[in-house]
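So you know, we letter chains A, B, ... as the sequences are listed, proteins then strands, and number each from 1. Here the structure is a predicted model, which means the values were calculated and not measured.
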Amino acid sequence: MNNTTKETLEHFSIDEFQDDLITWFEKEKRDLPWRKNKDPYKVWISEIMLQQTRVDTVIPYFNNFIEQFPTIDSLAEADEEKVLKAWEGLGYYSRARNLQAGVREVKESYNGIVPNTADEISKLKGVGPYTTGAILSIAYGVPEPAVDGNVMRVLSRILSIWDDIGKTKTRQQFEEIIREIISKENPSYFNQGLMELGALICIPSNPACLLCPVQKHCKAFAEGVQRELPVKSKKKQPKSVAMAAVVIEDSEGNVLIHKRPGKGLLANLWEFPNHETVTEYDVQKKHLQDYLQETYGLKVEIKEQFTSIQHVFSHLIWNIAVYKGKLVSEFEGQENLKLVSEKDITEYPFPVSHQKIYKEYKN
DNA sequence: GATTCGTGGGG
DNA sequence: TCCCCAAGAAT
């Protein structure tokens, strides 16, 4: 333990804090589907889904996912397309692909048993420091820190820590603190208790300090500065991008869809042909036509623009002008380019932005 | 260490 | 409307 940690924990009564926190968690913990048992696989799925994602959003996805892929084997053997479809709308799609890659590693290298050491778990695809600690503590009862945004917010208030929680180094400081104060008897409830407290009581704005089970341990409350914490640097605002997309029909009413590349934004999801373009309406149509010809060798008659869609990501904003198009040339199926019927299109995973496009198209 | 990776909800 | 956020990891 370095000096900073030692000073931070001076006058902090660890045993009493553990007891107050765990007692509260046992009484107040929410009845969530991934808390029905300690199956490491299900804990793993839930922790990946919960990354940067609200509990209420995750619940239906988790239930459906477990129904479709109830075991390590079933997920390892599934088509990636099915997995992405089950993830559709949840965002951060590399989580789904990394999860499946990780599960396949477990199947092949660990005989289908999720390993129980930090060294092994943290090497699995998509499993970082937080998820390693979460799986270890919740599924296996190992006293390993699981420091997420909740934990940093709660502890920054309780211990009055003013470091920027957006920095990598700050998370490591918190991990060191947790190693000192985590309950060795019940690390699972300790870690989950901190997160539950952050979700229900010690929330970002207007924390419910009067209801807090560990109020008497909280330095920020004692000083009346709980609203100033945690310190978090502001994110820069997303960049705006002009796009043009087209829903192309053939003579039989099938529509043309394209599979995105395996890396980067929305990797391996399907979409309507589109490209970055200029905002001038008159040149958009010609650019779009040229793009389809040069990129896919397709002759398409671009017709009217029927809607425009705005979609906001964390780091960019798509402003999409959406056209109708008629396929003129003969179509030869390619790996990443398909003509699909209205019925079959439901089988393909689409990002929300292109779900919006199709919905407008059907209206 | 900073940036890239989604989405929907809430103040 | 706008901005922040929500159980992070990979690059």
Side-chain angles (χ1 to χ4, degrees), chain A residues 25 29-30 32-35 42-62 84 87-99 101-102 121-139 145-154 164-172 174-175 188 191-200 202-207 227 230 232-239 241 260-269 271 310-318 349-356:
Chain A
F25 181 72
K29 63 179 156 60
R30 290 168 290 180
L32 301 172
W34 46 89
R35 287 180 175 163
K42 290 176 184 162
V43 172
W44 185 3
I45 303 295
S46 70
E47 291 303 339
I48 300 298
M49 285 189 170
L50 285 162
Q51 289 170 9
Q52 303 291 286
T53 312
R54 297 180 132 73
V55 166
D56 289 341
T57 303
V58 167
I59 289 172
Y61 281 92
F62 176 83
L84 285 174
W87 211 269
E88 184 184 66
L90 200 51
Y92 290 138
Y93 298 95
S94 65
R95 289 184 298 173
R97 297 185 301 114
N98 287 335
L99 172 60
I121 293 182
S122 63
K123 283 178 184 156
L124 299 171
K125 285 275 195 310
V127 178
Y130 163 75
T131 306
T132 298
I135 294 174
L136 271 179
S137 61
I138 297 172
V147 176
D148 71 335
N150 284 311
V151 171
M152 289 195 282
R153 180 174 61 258
V154 169
D164 184 347
I165 64 168
K167 308 288 184 186
T168 304
K169 190 178 176 185
T170 305
R171 195 205 72 239
Q172 294 171 348
F174 279 110
E175 284 172 351
S188 170
N191 281 342
Q192 291 189 77
L194 280 179
M195 292 188 276
E196 196 82 340
L197 192 63
L200 300 180
C202 196
I203 55 181
S205 57
N206 301 322
R227 289 163 177 276
K232 193 174 183 181
S233 52
K234 289 176 184 168
K235 297 170 189 169
K236 63 176 186 181
Q237 60 182 18
K239 184 179 80 173
V241 181
R260 295 177 61 87
K263 288 187 174 183
L265 184 66
L266 306 169
N268 282 357
L269 271 66
E271 63 184 2
Q310 182 176 75
H311 191 77
V312 180
F313 298 89
S314 315
H315 57 300
L316 62 92
I317 302 174
W318 278 353
F350 281 84
V352 168
S353 51
H354 284 250
Q355 293 177 40
K356 291 180 191 171

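- Following rounding to the nearest Å, A:Ile135 (CD1) and C:dG8 (C1') show an atom-to-atom distance of 13 Å.
- Listed for the A:Ser46 side chain is no donor-acceptor partner under 3.5 Å among the backbone atoms of A:Trp34.
- Backbone-only engagement by A:Lys167 is indicated by non-hydrogen atom pairs under 4.0 Å involving sugar-phosphate atoms exclusively.
- Backbone-only contact: A:Val127 has heavy atoms under 4.0 Å from sugar-phosphate atoms and none from a base.
- Between A:Ile165 atom CD1 and B:dA2 atom C1' the separation is 16 Å, expressed in whole Å.
- When the P atom is compared between C:dC4 and B:dT3, the two are found 16 Å apart, to the nearest whole Å.
- The distance from atom NZ of A:Lys169 to atom C1' of B:dA2 is 16 Å, rounded to the nearest whole Å.
- Heavy atoms of A:Lys125 sit under 4.0 angstrom from primed sugar atoms or phosphate atoms, though from no base atom.
- Protein atom OH of A:Tyr61 is 15 Å distant from nucleotide atom C1' of C:dA6, rounded to whole Å.
- A:Ala146 is linked by a side-chain contact (heavy atoms from CB on, under 4.5 Å) to A:Tyr130, A:Ala134, A:Asn191, counting only residues two or more places apart in sequence or in another chain.
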Per-nucleotide protein contact string for nucleotides 4-11 of chain B (B base, S sugar-phosphate only, - none; heavy atom under 4.0 Å): SBBBB---
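- In this structure, A:Asp164 places its CG atom 12 Å from C1' of B:dA2, rounding to the nearest Å.
- Side-chain atoms of A:Arg97 do not come within 3.5 Å of backbone N or O of A:Ser94 as any donor-acceptor pair.
- Across the protein-nucleic acid pair, A:Gln172 atom CD and C:dG8 atom P stand 17 Å apart, rounded to whole Å.
- Heavy atoms of A:Trp87 sit nowhere under 4.0 angstrom from any nucleic acid atom.
- Nucleic acid contact for A:Arg153: sugar-phosphate only, since backbone atoms but no base atoms lie under 4.0 Å from a heavy atom of the residue.
- To the nearest angstrom, P of C:dC5 lies 12 Å from CE of A:Met152.
- Spacing between C:dC3 and B:dG6 at atom P, rounded to whole Å, works out to 22 Å.
- Atom CD1 in A:Ile317 sits roughly 11 Å away from atom C1' in C:dC2 (whole-Å rounding).
- At a threshold of 4.0 angstrom between heavy atoms, the contacts of A:Arg260 with the nucleic acid are absent.
- Inter-residue side-chain proximity for A:Phe350 and A:Leu269 is flagged as unmet; no heavy-atom pair is nearer than 4.5 Å.
- A side chain to side chain contact (heavy atoms under 4.5 Å, CB included) with A:Phe174 holds for exactly one of A:Val154, A:Ile165, A:Asp148; it is A:Ile165.
- A:Lys356 and A:His311 are linked by a side-chain donor-acceptor pair at a separation below 3.5 angstrom, with hydrogens and angles left out of the test.
- Residues A:Trp318 and A:Val312 form no side-chain contact, since every pair of their non-hydrogen atoms from C-beta on lies 4.5 Å or further apart.
- Between the P atoms of B:dC5 and C:dA6, the separation comes to 23 Å (whole Å).
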